[in-house]
Every structure is written in structure tokens, then in C-alpha cells.
Participant: 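Here it is, the structure in full.
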Amino acid sequence: MASAIEMLSRHRCYSGAVGFYRHQAATTACAMRFAVFTPPAAERGPVPVLYYLAGLTCNEETFMIKAGAQRLAAELGLMLVAPDTSPRGAPLPGDSESWDFGVGAGFYLDATEAPWSAHYRMYSYVTQELPALIGASFPADLKRQGIFGHSMGGHGALTIGLRNRDRYRSISAFAPIAAPSACPWGQKAFSGYLGADRARWHDYDATALVLDVKDAKRGPRILIDQGLADQFLDSQLHPGRFEDACARVGFPLRLRRHEGFDHGYYFISSFIDDHLRHHAQILSS
């Protein structure tokens, strides 16, 4: 049974509404927050749901405030759901000592190492508890779900989408951490949350996962946008590794590289319409 939700605020937006909510989550054993944009079409019946996973240091507000997605989402009839990036209601030793591990940096995985394993279960939260809550509380069509995200959230969208292709019909990402086992951010997170055994890292590494996909050519086609002035491109993101892996197995991928764009939300807002249309086309078919 989905837990009761508390509405923190609600704002009229493009004839729909943006709401911010809190509930007691069973998977993370603490209070969690999330945001929902409900398009005007939801007044007439259930609409497709598109989940957005934000990056390091962000929270449930970041996308709704900065991305500029609501105007076109209202036109396309897409519900947008943005969860927080980590548990925050269960203080753990050292969870706020660095910006790339702990609070704000849940990496959308289920931790297996103590003390993180008691609360840092963002994979289960995003794939199980949150959709159940959305389906029970909002006019959402859970047969038409898509997922996308940015940076750490792009990593989450790729891994969650690849592992649950029967559930998420559309996938995209902005500047994702595409091969986390091979970069400092991913290695720090995986070592802390999952331990030293790299076999445990496999299920949360998109480049490794796509090589295991059966019937890869059936998709769905993934859209990735990457800025070439991104300060993290060479050291942390490695989209080329994911591109090569997709090519090896024939997985449909459209990776677009953009001169002059960096890692932030000016980049995201420049191409958000393309991503919304990408998802709407698939989810409406």
C-alpha cells in the first residue's frame, strides 16, 4: 500500500500545476520529498509519466525550477515527476562531509554496505515505491512511463531504464555518468555504497549493462545530449564508452555532441524540448 503524502506547496503553471510533496518512505526508512507537474490533460484522464533524476547536490526542486520543462510538457500532456537525489531524513556518520557522496549523492542504487544499506536504497525507491505512490495519488498512466536525468541522474536513468525495459518505454539523458566504474565519482560511490567487490558494481554501470542486453536492436532508442565544453566530460562522464558498447550490441542510441555547452542547467534548458518530444513520441505510440 502506498504511504500517505503531505502536500508542501502547489503552484498553478501553464494551466496545470507543480506540487511539492513529502511522505514516509518504506524503502529508505525516512521521509522523502518529490515534485510533480500535472498537465492540464490530466483533468480528463490518466496521462503518461516521465521521471527526471537530478544530479549531484540537487534535490526535488532543481529540475522544476531550472529546466523550463513545464510549458511543453503541458502541451504534450506529460506528467513530470522529480524525486530527491538521496535520503535526507536519516543522518549517518560522514554523510555530509563531501558533495559527491552521501546527502545529495545517492547514485540511484541500493547500497549493500553498512551503514548506508539501511537507508540508501534509491534504486528500489525510484523503481518501486515512488511509481506506486504516483499511481495511487495522481492521474498517471503507469503503462506509459519514461525516465531521464542529468549527470548522476543520467547514470540513474540509463541503468534503471536498461534494467527495466518492460516498465520504462522511453529513456534519455543529459551529460550522464555513462561508465561510473571507470571514473572517480563512480568509484567513490560504488566503493562506499557497494563495497570493493566490483562484481556488485555491474548492475549500476550503463556501459556494462548494455553489453548484456538481449535483443538489443528492439530498443527503445536512447537519446543523450552532451556539451563539449563540459568540465567533467573527459574525467567523469565517458559517453564514448557507452556509445561504443551500444554499437557493439546494436542498441539504438542517438548521442548528440554540442560545441560550447557546459554541464549546467543552461545546457539542459537549451535541449529540454527535444527530450520531452522524444519521450512523448514513444509514450504516445
Side-chain angles (χ1 to χ4, degrees), residues 2 12-19 21 34-54 60 63-64 66-83 108 126-128 130-150 153-154 156-174 176 206 210 213-225 246 250-256 268-285:
R12 194 70 171 164
C13 182
Y14 291 106
S15 298
V18 173
Y21 304 90
F34 64 94
V36 177
F37 170 70
T38 305
E43 297 177 2
R44 301 188 295 273
V47 295
V49 187
L50 181 55
Y51 300 88
Y52 177 85
L53 307 182
E60 75 284 354
F63 173 76
M64 292 296 177
K66 291 185 174 182
Q70 292 92 338
R71 178 192 58 79
L72 186 57
E75 293 180 16
L76 297 173
L78 291 173
M79 179 178 293
L80 304 175
V81 178
Y108 304 103
V126 169
T127 61
Q128 299 175 25
L130 182 61
L133 190 66
I134 296 299
S137 306
F138 299 90
D141 182 354
L142 297 188
K143 293 181 180 179
R144 294 186 290 165
Q145 297 184 99
I147 192 164
F148 69 150
H150 170 233
L158 293 178
T159 56
I160 288 172
L162 287 170
R163 290 177 62 179
N164 301 275
R165 287 196 296 160
D166 58 334
R167 188 180 313 170
Y168 301 98
R169 292 172 51 185
S170 57
I171 307 168
S172 75
F174 295 96
V210 78
V213 170
K214 307 299 182 185
D215 192 20
K217 293 182 180 180
R218 75 176 179 88
R221 179 179 296 276
I222 294 173
L223 171 64
I224 294 178
D225 278 307
C246 287
F251 198 101
L253 168 68
R254 186 182 186 192
L255 172 55
R256 307 192 302 182
I268 293 172
S269 62
S270 297
F271 300 104
I272 188 66
D273 284 5
D274 292 346
H275 284 248
L276 295 179
R277 290 191 176 98
H278 165 81
H279 290 276
Q281 182 179 20
I282 296 171
L283 295 177
S284 64
S285 64

Participant: Of all residues at least two apart in sequence or in a different chain, which pass the salt bridge (charged side-chain N to carboxylate O under 4.0 Å, His left out) check with Asp215?
Facilitator: Arg218

Participant: Indicate the atoms forming the closest heavy-atom contact of Glu60 with Ala35, along with that distance.
Facilitator: O-CB, 3.5 Å

Participant: For the residue pair Phe138 and Tyr21, is the inter-centroid distance of their aromatic rings smaller than 6.0 Å?
Facilitator: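 Under 6.0 Å, so yes.
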
Participant: Do Ile147 and Leu53 come close enough that some side-chain heavy atom pair is under 4.5 Å?
Facilitator: yes

Participant: Would you please indicate if the ring centroids of Phe37 and Tyr52 are separated by under 6.0 Å?
Facilitator: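 No.
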
Participant: Where do Leu223 and His275 land on the side chain to side chain contact (heavy atoms under 4.5 Å, CB included) test, with the steps shown first?
Facilitator: CA-CA 7 Å; Leu223 171 64; His275 284 248; 3.8 Å; yes

Participant: Tell me, do Leu80 and Leu276 make a side-chain contact under 4.5 Å, heavy atoms counted?
Facilitator: yes

Participant: Looking only at heavy atoms, what is the nearest atom pair of Pro83 and Leu130, with distance?
Facilitator: CB-CD2, 3.8 Å

Participant: Decide yes or no on side chain to side chain contact (heavy atoms under 4.5 Å, CB included) for Leu283 and Gln145, but give the supporting numbers first.
Facilitator: CA-CA 7 Å; Leu283 295 177; Gln145 297 184 99; 5.7 Å; no

Participant: By the salt bridge (charged side-chain N to carboxylate O under 4.0 Å, His left out) test, which pairs, at least two apart or in different chains, include something from residues 156-170?
Facilitator: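 Checked against salt bridge (charged side-chain N to carboxylate O under 4.0 Å, His left out) - neighbours excluded - no pair reaches residues 156-170.
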
Participant: Less than 4.5 Å apart, any side-chain heavy atom of Pro131 and any of Tyr168?
Facilitator: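 Of all side-chain heavy-atom pairs linking Tyr168 with Pro131, at least one is under 4.5 Å.
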
Participant: Quick one about Ser170 and His278 (side-chain donor to acceptor, distance below 3.5 Å, no hydrogens or angles considered), yes or no?
Facilitator: no

Participant: If we only count heavy atoms from C-beta on, is the Ile224 to Arg254 side-chain gap below 4.5 Å?
Facilitator: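 Contact flag for Ile224/Arg254 side chains = no.
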
Participant: Checking the side chain of Gln70 only, and the main-chain atoms of Met64 only, is there a donor and an acceptor separated by less than 3.5 Å?
Facilitator: yes

Participant: Which atom names give the shortest non-hydrogen contact between Gly77 and Pro39, and what distance separates them?
Facilitator: C-CG, 3.8 Å

Participant: Using the ring of each side chain (for Trp, its six-membered ring), is Phe148 parallel, tilted or perpendicular to Phe63, with breaks at 30° and 60°?
Facilitator: perpendicular

Participant: Would you indicate whether the side-chain heavy atoms of Arg221 and Ile171 approach each other to under 4.5 Å?
Facilitator: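 Ile171 vs Arg221: side chains apart.
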
Participant: Does some side-chain heavy atom of Met79 sit less than 4.5 Å from a side-chain heavy atom of Leu50?
Facilitator: no

Participant: Just to verify, what does Ala206 make a side-chain contact (heavy atoms from CB on, under 4.5 Å) with, not counting sequence neighbours?
Facilitator: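 In terms of side-chain contact (heavy atoms from CB on, under 4.5 Å), with neighbours along the sequence ignored, Ala206 is linked to Leu158, Thr159, Leu162, Phe242.
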
Participant: Set out, in order, the CA-CA distance, both residues' side-chain angles and the distance that settles side chain to side chain contact (heavy atoms under 4.5 Å, CB included) for Leu72 and Tyr14, then state yes or no.
Facilitator: CA-CA 9 Å; Leu72 186 57; Tyr14 291 106; over 6 Å; no

Participant: Can you pull the side chain to side chain donor-acceptor pair (under 3.5 Å) pairs that have at least one residue in residues 34-44, sequence neighbours excluded?
Facilitator: none

Participant: Kindly determine whether Val126 and Tyr108 satisfy side chain to side chain contact (heavy atoms under 4.5 Å, CB included), including the steps that lead there.
Facilitator: CA-CA 8 Å; Val126 169; Tyr108 304 103; 4.1 Å; yes

Participant: With sequence neighbours left out, which residue pairs that include part of residues 130-143 fulfil the salt bridge (charged side-chain N to carboxylate O under 4.0 Å, His left out) condition?
Facilitator: Asp141-Arg144

Participant: I'd like to check the salt bridge (charged side-chain N to carboxylate O under 4.0 Å, His left out) partners of Glu75; sequence neighbours left out, ordered by chain and number.
Facilitator: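 With neighbours one apart ignored, the set is Arg71.
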
